[in-house]
Trainee: 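After the structure tokens below, expect a handful of questions from me.
Naming: A, B, ... by sequence-line order, numbering from 1 per chain.
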Amino acid sequence: MDLLKVSHGYVDRILARSDNDSSDIRVLLLDQFTGPIISLVSTQSELLQHEVYLIDRLENLSRDKMRHLKCICFVKPTEETITALVDELQNPKYSGYSIYFNNIVSKPQLERLAESDNMELVSKVVEIFEDYYVVNKDLFSFNQSDIFGSAIDSWSPGVFNKVSEGMMSVLLSLKAKPIIRFERNSKMASKLASDLAYEISQNVQLFEFGVKQDTPPLLLILDRKNDPITPLLIPWTFQSMVHELIGIANNTVDLSCIPNAPKELKQVVLSSDQDTFYHDSMYLNFGDLSDKIKHYVDQYKQQTKNNLNMDSLQDMKKFMESYPEFRKLSNNVAKHMTLASELDRRINADRLWEVSELEQTMSCNENHNHDLQELERLLQDRPNPENPSNPVVPISEDAKIRLLALYALRYESNSNNQLPRLLKLLGSQGVAPDKLTFISSLLAYAGLKRRIDDADSTVFTKATNSLIAGLTANHETDNIYMQHIPRVESIVSKCAKGKLPAVQFPVADSSDGQQRNANLVNERSQDIILFFVGGVTYEEARVIANLNAQNDSVRIVIGGTCIHNTSSFVESIHKAGEKWGLGVGGGANGAKSRLHSRMDI
Amino acid sequence: MIRDSKKTPTKRRVLGSSSSSSTPNPRRNIIDDPQVEGSDLNRLIPSLNEMTLAESTNSSSSVSSLSNEPASSIESVVSPNGETSLDMMCPICGEKMVTLMQLNRHLDDEHSDVEPVANEDDLKSWFRKKVIGKANEVINSNINPNKKFLKLDLFDNNFSFTESSSSVNLQEAAETAEIVPITIPRNHWKRPSPNEICNTPGCSKYLSVKNGQVNCRKCGKLFCNTHTYYRVKINAELEYDPKNGIWSRCCQACYLGKPGHNDTNGRVSDLSTSFKRLRTEFSGKRDLDVLMLERRWLRFYEYYRNLDQGIRASLPIKQFERSVVNWQSDSEVKSCRICQQRFSFGVLRKHHCRLCGLITCGDVATGCSMDVPLNILSDLLSIPSSFSVATASKKYEKLESTPDASLRMCLVCKNQLLSKRLFIRDMQSSPPEILSLYSSMVIYKTKIVKLLPELKITLELMKRADPATELSSGVHDHNATIAAFSQEHEMLQLATQQRLKLMRLFTRFDGITKRIGSQIRVSEELQAKGHPISIDELKIQKSIYQTSLLFLQENMLSLQSVPKILKGQSNDASISSSTQSPEPAQPKMTKREVRELRDQMMVLKEQRFLVADMVENSKKKRRFEDLKSLEDSLADLDKAIQDIDDKLGDESFT
């Protein structure tokens with residue numbers, strides 16, 4: 001259950017030569033989907049080592065004819081790609097082709113290919129299953145942020161197919177023929193679950209893995225709407241913070257927007273696989289991270305000092321030998337320094353400490369009066385009564401909207417709910433009414449009535465020392481900025497104990513073996529694949545990574561349609577709200593209609 | 001329910017710790033036991049009734065029998081054995097147990113998974129699981145209540161009754177009844193010795209009541225509690241058996257060693273064979289088509305040949321064309337079948353393909369059909385075997401002299417007829433220079449990679465031989481010194497030879513690299529001037545150039561450290577030789593000294609070259625922080641070179 005190892009295995013498989021193959025220069029053709037997949041798990045130098053000296057896109061029609069080179073194609077079996085391949089084979093640019101598909105190829109597609117290969121150039125057609133983006137060793141994503149259809153709780157059809165195909169490849173690459181369970185209140189999760197169950201029953205042969213497992217793996221499909229809190233909170237660990245404040249796309253961070261960033265650091269790669277420092281620090285909170293970076297820089301300084309006093313020839317030689325290593329180190333130090341200082345700058349500029357404190361108390365403790373007071377103070381940019389001398393920088397509009405959204409979710413059923421008044425307050429500050437519609441969209445998407453009725457795994461969980469039965473979890477109870485624990489943790493612990501209630505998490509129907517599955521509901525899962533419809537967060541990935549590190553009796557992989565930070569989550573719900581039209585399917589409850597009428601003003 | 005059972009821990013904790021204390025009173029404790037459990041049970045019974053045991057008619061009777069049964073059985077075991085020894089037996093299978101903890105655990109592990117069919121038994125096993133297991137859990141959780149990381153027993157076996165309907169339960173019970181219950185043997189269990197340590201590598205906990213003392217059911221070794229939180233299914237032969245095995249507690253190694261557990265090879269399905277089968281199906285049909293086209297072409301060929309030889313043709317060309325293949329009638333076609341343009345009089349004319357007879361346009365831009373000169377065609381198509389080679393070539397020459405002889409064919413036929421042949425011809429043409437350069441590069445590279453470790457081994461041997469010679473020279477054993485010296489000398493020679501060979505290889509490799517570099521420059525210049533060049537080829541050249549530079553950098557460096565060792569070696573040699581035959585020091589430099597200095601000089605120059613290269617690089621990439629130290633070192637190197645140059649004086653080779 002290590003996604004990185006699986007993908008390395010696949011890359012090796014693609015690049016491997018058959019024994020009688022002479023060493024030759026080879027060309028690697030990718031398409032728009034597989035390009036990022038390869039770049040996430042492999043490096044240019046690795047490809048060069050395997051004598052792949054030219055990498056290009058299959059769609060690129062201006063490629064030169066090089067009929068002395070062999071070609072490897074690694075592509076996704078979409079109709080466009082097959083057409084491009086057919087064209088390529090009818091007018092071949094290279095002397096031989098090995099074709100690797102990253103998902104299941106349909107029979108007609110294969111026939112089209114076979115028909116077009118009239119020069120018999122294709123030596124291999126292989127399906128490997130990596131139609132997803134491996135972010136960490138236990139985190140994957142499909143990079144689909146716009147998943148909603150025209151009605152609440154429905155899929156956008158094109159995206160649904162992509163996600164369903166992608167999930168199939170996840171299961172196949174992990175060699176998992178799972179029990180599929182989903183959150184009952186979510187139509188999206190249910191649709192995905194039954195589709196996967198059907199597809200598995202249609203591809204029985206592919207799902208014969210030889211080795212039988214003691215207990216079948218569990219695929220649990222969760223819906224983001226059942227935990228709308230986690231993606232609204234500012235996270236405080238390295239990977240999450242980089243995503244929150246700067247943004248990570250396919251493990252690449254774009255630093256070009258950062259003032260006075262060094263030129264060669266315009267784009268940096270954050271890969272837990274290639275960067276040991278990052279591997280060790282990606283889940284550290286900001287305080288620990290600062291210490292770690294300081295230590296790293298000291299270590300670097302020590303080395304530079306050594307390099308500076310080169311007296312003898314001996315020293316010179318040593319330096320020359322270690323120079324490439326040294327260069328790597330210095331690049332890496334510069335990278336992490338730039339990242340950390342940018343994070344620090346943003347935290348202070350946006351007053352994130354204060355904002356986060358309120359976020360955390362609101363999400364973990366129920367104290368309406370206190371929260372309301374504090375919220376109003378922040379919304380109105382009033383100084384802190386404890387040290388009023390501090391100059392007040394107004395906090396950003398987005399942060400205010402987020403705080404208000406949290407308040408709206410937290411005290412939705414509270415009789416003293418002041419949401420309409422607060423909305424008006426923000427409106428009077430010049431926040432565009434369009435932006436404020438997000439809150440009503442959010443309530444329509446993930447309000448109290450939309451969430452699963454689940455008494456003991458509420459979304460407002462505080463980090464405690466309480467027992468996570470069967471699993472060891474590491475909670476930083478003393479850290480007020482990390483009090484909130486994502487709901488996913490309690491769900492995982494229930495899975496590990498075999499106590500996931502079948503009423504809320506039913507098993508997906510498949511035509512066969514339903515009876516068998518019914519008995520397995522109460523089995524304790526040893527391999528768990530979690531999938532978030534509506535996007536996962538790095539914070540949840542961190543929770544899962546912690547659980548994985550501390551319990552080797554359970555292995556968990558988590559994924560989502562995309563990886564959210566607060567702004568991307570807000571944006572996706574806002575966009576979806578526009579699609580749904582305000583109040584559509586919202587179940588006209590009193591509070592909401594009141595809210596709408598207020599906002600029309 | 002959970003809350004309720006947590007009220008009992010104080011009593012149970014006494015129970016747990018008493019078994020470790022020196023004067024236990026098992027009888028009292030055990031009798032105590034069911035009372036606690038019984039009272040607990042009374043509270044639980046109603047809910048139980050609702051949920052699972054709808055058939056149970058008289059709950060009170062079952063309770064009474066239940067509360068009596070386990071107590072009496074344990075009692076009977078205990079009483080004959082006296083108070084001091086803690087020997088007791090499992091009431092169900094008669095296993096002997098050492099401690100009460102062990103018995104409890106045994107009950108949980110062995111007798112909880114098997115669901116007996118009978119109602120009463122069902123209740124009993126449930127009782128054991130629910131109450132004893134729960135109490136166990138509480139004990140465990142109370143061992144270290146203030147610890148930050150808490151672990152709960154994975155084996156607390158409290159069955160979730162809330163969800164499973166009674167029908168499922170019954171069915172499950174029926175299923176388990178069909179399969180002969182497996183008992184996992186335990187004669188492989190290791191007996192605990194005093195001061196036994198947990199067998200998990202890295203765990204050094206002493207096995208005690210506190211840390212636990214658990215046998216892995218599979219391998220039988222002893223472990224602490226925390227390192228047996230794993231479950232696998234095994235059968236009576238202690239083999240992994242996911243199908244028929246029963247869940248058993250095991251150690252980390254046995255859990256992680258499960259077959260398929262560490263399998264990180266994702267599913268791969270090779271479609272090559274089915275693809276090739278499909279391809280042969282299609283190619284059979286296509287080959288027939290191609291053959292037909294070739295036949296038709298051949299008829300044209302013969303017709304023209306005859307014409308050329310002055311033989312009157314039986315039909316005029318217009319009619320002959322139609323006799324080869326039926327022409328599609330003009331009226332039924334409105335637009336070109338390839339480019340879909342509509343025909344119009346005078347603008348887009350209709351053309352018949354002479355090979356298939358279908359109508360296409362003659363648009364030069366789309367190339368839907370074109371006149372292909374016969375001589376090109378016969379050049380591309382090898383003349384069929386029915387012609388003898390000599391006559392064919394003769395005809396061929398003659399055909400060339402008739403320039404007007406050409407054949408209009410459509411794109412489809414052209415591709416079908418020619419693309420494969422064109423492709424094969426392309427393949428046979430000589431490859432671009434970069435490929436041959438690359439292949440020789442690969443040869444050198446493999447040689448270098450093979451030779452480098454050999455040299456390293458020799459050097460390593462020499463280093464090891466070093467102290468030995470010193471020792472022997474200390475003893476002043478003349479013969480031994482000489483022998484050692486000659487051996488050393490041999491090795492020195494060998495190392496020098498290997499080094500020379502390597503240097504030669506490196507020089508060649510470097511030469512090729514430079515040649516590729518110059519090629520890149522040439523094509524870049526061409527590109528700058530606007531000449532069309534193959535961009536992909538340039539890309540390939542560049543990446544090859546880069547990798548070979550990297551290879552040189554990595555491996556030349558290790559070679560550079562070689563002469564140092566060699567030099568040190570020769571220094572030693574000169575000293576030992578001087579002790580053998582002391583010579584008066586000469587004012588002039590010895591040849592050996594000159595050679596050494598030259599060696600040094602070479603190394604320095606090599607380094608200077610490399611550093612200069614890096615300086616250039618940093619300048620190009622604007623890495624000024626590196627530049628400073630690099631320039632310093634460059635100056636140092638220059639100075640050192642100058643020094644040696646001075647020393648060498650006339651002897652310097654420049």
Side-chain angles (χ1 to χ4, degrees), chain A residues 2 5-6 9-10 13 23 25 48 53-54 63-64 66-68 92 95 105 110-111 113-115 117-120 122 124-130 172-175 206 209 211-214 263 307-308 310 313 316-317 320-321 465 467 469-470 472 474 499 501-503 518-519 522 552-553, chain B residues 141 148-152 154 160 163-164 168 172 229-230 232-233 242-243 252 255-256 259-260 263-272 274-275 278-279 282-283 286 415 420 423 426-427 431-432 435 438 442 534-537 539-540 543-544 547 557 560-561 607 610 621-622 629 633 636 640:
Chain A
D2 184 331
K5 274 190 195 156
V6 168
Y10 278 147
R13 171 99 196 191
S23 101
I25 299 174
L48 285 176
Y53 289 108
L54 184 66
R63 277 177 286 119
D64 292 318
M66 309 203 85
R67 286 191 167 164
H68 295 277
S95 68
V105 186
L110 197 66
E111 273 169 8
L113 265 190
E115 190 179 356
D117 182 24
N118 50 11
M119 295 175 215
E120 310 202 345
V122 178
K124 255 188 216 164
V125 179
V126 180
E127 285 172 334
I128 61 177
F129 301 95
E130 190 164 347
L172 282 166
S173 67
L174 292 173
K175 291 195 177 164
L206 272 179
F209 302 119
V211 182
K212 205 177 172 315
Q213 277 161 308
D214 284 352
K263 250 186 189 170
N307 288 336
L308 276 181
M310 275 185 293
L313 256 159
M316 291 281 296
K317 265 182 206 161
M320 296 298 297
E321 272 168 48
N465 281 331
L467 308 173
T472 312
N474 180 4
K499 283 189 160 178
V503 174
N519 285 340
N522 291 315
D552 47 7
S553 56
Chain B
S141 62
K148 199 172 174 189
F149 307 139
L150 278 176
K151 280 210 172 180
L152 233 183
L154 253 181
S160 165
E163 307 306 339
S164 54
V168 172
E172 206 173 64
Y229 283 111
Y230 307 95
V232 288
K233 276 185 178 169
K243 212 173 161 199
Q252 196 178 8
Y255 176 75
L256 297 178
D263 181 10
T264 51
N265 295 323
R267 175 84 200 188
V268 172
S269 94
D270 198 330
L271 303 175
S272 302
S274 58
F275 176 82
L278 278 171
R279 188 170 67 187
F282 284 114
S283 72
R286 195 173 38 236
N415 281 341
K420 193 166 180 178
F423 180 77
D426 243 18
M427 293 278 290
L435 285 184
Y438 179 74
V442 169
S534 163
I535 293 167
D536 286 349
E537 197 172 315
K539 273 191 211 159
I540 290 177
S543 39
I544 291 177
T547 23
L557 279 171
Q560 271 161 21
S561 61
Q607 257 165 14
L610 277 171
K621 290 180 182 161
R622 309 199 165 266
S629 63
S633 50
D636 283 351

Trainee: Between B:Arg267 and A:Tyr10, which heavy-atom pair has the shortest distance, and what is it?
Mentor: O-OH, 2.7 Å

Trainee: List the atom of A:Ser95, the atom of A:Arg67, and the distance in Å for their closest heavy-atom pair.
Mentor: CB-O, 3.4 Å

Trainee: Checking B:Gln252 against chain A: side chain, backbone, both or neither under 4.5 Å from a heavy atom?
Mentor: side chain

Trainee: What closest approach, in Å, do A:Asp117 and B:Arg286 show between heavy atoms, and which atom pair accounts for it?
Mentor: O-NH2, 4.1 Å

Trainee: Which atoms of B:Thr547 come close to chain A, meaning under 4.5 Å heavy atom to heavy atom: side chain ones, backbone ones, both, or neither?
Mentor: side chain

Trainee: Do A:Arg63 and A:Leu54 touch side chain to side chain, with heavy atoms closer than 4.5 Å?
Mentor: no

Trainee: Contact part of A:Glu120 toward chain B, heavy-atom cut-off under 4.5 Å: side chain, backbone, both or neither?
Mentor: both

Trainee: So what's closer than 4.5 Å to chain A heavy atoms on B:Phe275: side chain, backbone, both or neither?
Mentor: both

Trainee: Measure A:Met119 against the heavy atoms of chain B and call it side chain, backbone, both or neither at under 4.5 Å.
Mentor: both

Trainee: At a heavy-atom distance under 4.5 Å, which candidate from A:Asn118, A:Val6, A:Val126 has the highest pair count against chain B?
Mentor: A:Asn118

Trainee: Could you check which of A:Val105, A:Asp2, A:Leu113, A:Leu174 has the highest count of heavy-atom pairs closer than 4.5 Å to chain B?
Mentor: A:Leu113

Trainee: Please name the pair of heavy atoms, one in A:Leu172 and one in A:Leu206, separated by the smallest distance, quoted to 0.1 Å.
Mentor: CD2-O, 3.6 Å

Trainee: Do B:Tyr438 and B:Ile540 have side-chain heavy atoms sitting under 4.5 Å apart?
Mentor: no

Trainee: Pick from A:Arg13, A:Lys5, A:Glu111, A:Glu115: which one has the most heavy-atom pairs with chain B under 4.5 Å?
Mentor: A:Glu115

